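Structure, as structure tokens:
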Amino acid sequence: MFEFMNNLDDLINNFLMGMGIFGPILGCFLILIESIVPILPLFVFITINFLVFGNIFGFIISWIFTVLGCLLSFYLFRKKIKNWFDGKIENNDQFKKIMKMIDTLKLEQLAVIIAVPFTPAFMINIAAGLSKMPLKKFLIALLIGKVFLVLFWGFVGTSLIQSLTHPIALLKVVILLLVAYVTSKIVSKKFDFD
């Protein structure tokens with residue numbers, strides 16, 4: 001599995017870097033698609049944006065496109081699949097319990113889950129879209145959580161494989177998650193989300 005991820009990372013990196021300025025532009029749109037199609041490695045596109053556009057602009061466009069991709073995924077599931085899904089789980093107590101847990105997530109919990117670099121974004125988007133979670137709460141959690149996710153992949157500059165094998169990278173993840181938690185807790189109290 002690690003070898004497959006490394007090969008996919010190298011292939012996409014070489015392809016996008018070989019396209020000149022169109023590589024990062026394509027990378028931005030692939031970030032949008034990654035929120036729906038989980039096979040695409042988000043860290044590659046964010047890293048390329050940082051390399052080509054620099055730290056500040058690379059961060060801004062990666063963050064914007066990541067948030068937009070998650071909102072697109074959320075919206076698709078909320079508008080197109082939620083009613084059908086609600087009908088299917090109507091008599092399933094286990095699914096109802098899971099959806100209730102998702103509905104009652106606090107803003108800071110959701111922001112931290114979103115900020116974890118290894119959490120599959122598409123699963124969060126689907127779960128939030130199918131739940132009764134307010135769009136405003138999901139959006140605020142996205143805006144906070146994705147800051148730290150993009151910072152991790154851009155500034156820390158590690159890939160999934162490197163992160164799993166280097167304790168310092170994991171320590172940085174923990175620090176970023178703590179900052180995400182504190183930030184979202186402050187925002188939650190200030191705007192009374194929960």
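All figures in this text were calculated on a predicted structure; none of them were measured in a lab. Keep in mind that the numbers below use all heavy atoms, side chains included, and drop hydrogens, waters and symmetry copies.
- Rounded to the nearest 0.5 angstrom, Lys80 NZ and Leu76 CG are separated by 8.0 Å.
- Side chain of Trp63 to main chain of Phe148: no donor-acceptor pair is present (N/O by atom type, distance under 3.5 Å, no hydrogens or angles).
- One N or O on the side chain of Thr183 and one on the backbone of Val179 form a donor-acceptor pair closer than 3.5 Å.
- To the nearest 0.5 Å, atoms CD1 (Ile175) and CZ (Phe152) are separated by 11.5 Å.
- Ser62 contributes no side-chain N or O that, together with a main-chain N or O of Phe59, makes up a donor-acceptor pair within less than 3.5 Å.
- Between Lys82 and Asp86 there is a salt bridge, since a side-chain N of the basic residue sits under 4.0 Å from a carboxylate O of the acidic one.
- Closest of all the heavy-atom pairs between Ile144 and Ser184 is CD1-CA, 3.8 Å.
- Using cut-offs of 30° and 60° on the angle between ring planes, the pair Phe74 and Phe138 is parallel.
- The CD1 atom of Ile46 sits 4.5 Å away from the OG1 atom of Thr66 when rounded to the nearest 0.5 Å.
- No donor-acceptor distance shorter than 3.5 angstrom exists from the side chain of Lys146 to the backbone of Phe65, with no hydrogens or angles considered.
- With Asp103 contributing its side chain and Lys132 its backbone, the two residues share a donor-acceptor pair below 3.5 Å.
- One distance of note links CG of Asn55 with CD1 of Ile60; it measures 11.0 Å at 0.5 Å rounding.
- Proximity of Asn125 to Leu72: side-chain heavy atoms (C-beta onward) are nowhere separated by under 4.5 Å.
- Arg78 places a side-chain N or O within 3.5 Å of a backbone atom of Ala128 that can act as its donor or acceptor partner.
- A 4.5 Å side-chain heavy-atom check between Ile114 and Leu149 finds every atom pair outside the cut-off.
- Interatomic distance, Ile126 CD1 to Ser131 OG, rounded to the nearest 0.5 Å: 12.0 Å.
- We find the OG1-CE distance between Thr104 and Met133 to be 8.5 Å, quoted to the nearest 0.5 Å.
- Residues Ile102 and Tyr75 do not share a hydrophobic cluster, clusters being chains of Ile/Leu/Val/Met/Phe/Trp/Tyr side chains in contact below 4.5 Å.
- Between Phe85 and Met99, some side-chain heavy-atom pair lies under the 4.5 Å cut-off.
- Cluster annotation: Ile98 and Ile81 are assigned to the same hydrophobic cluster (Ile/Leu/Val/Met/Phe/Trp/Tyr, side-chain heavy-atom contacts under 4.5 Å, transitive).
- Placement of Val116 and Met101 in two distinct hydrophobic clusters is found when ILVMFWY residues are connected by side-chain heavy-atom separations under 4.5 Å, directly or transitively.
- Evaluated for a side chain to side chain contact (heavy atoms under 4.5 Å, CB included) with Ile64, the options Val67, Leu68, Ile61 yield exactly one hit, Leu68.
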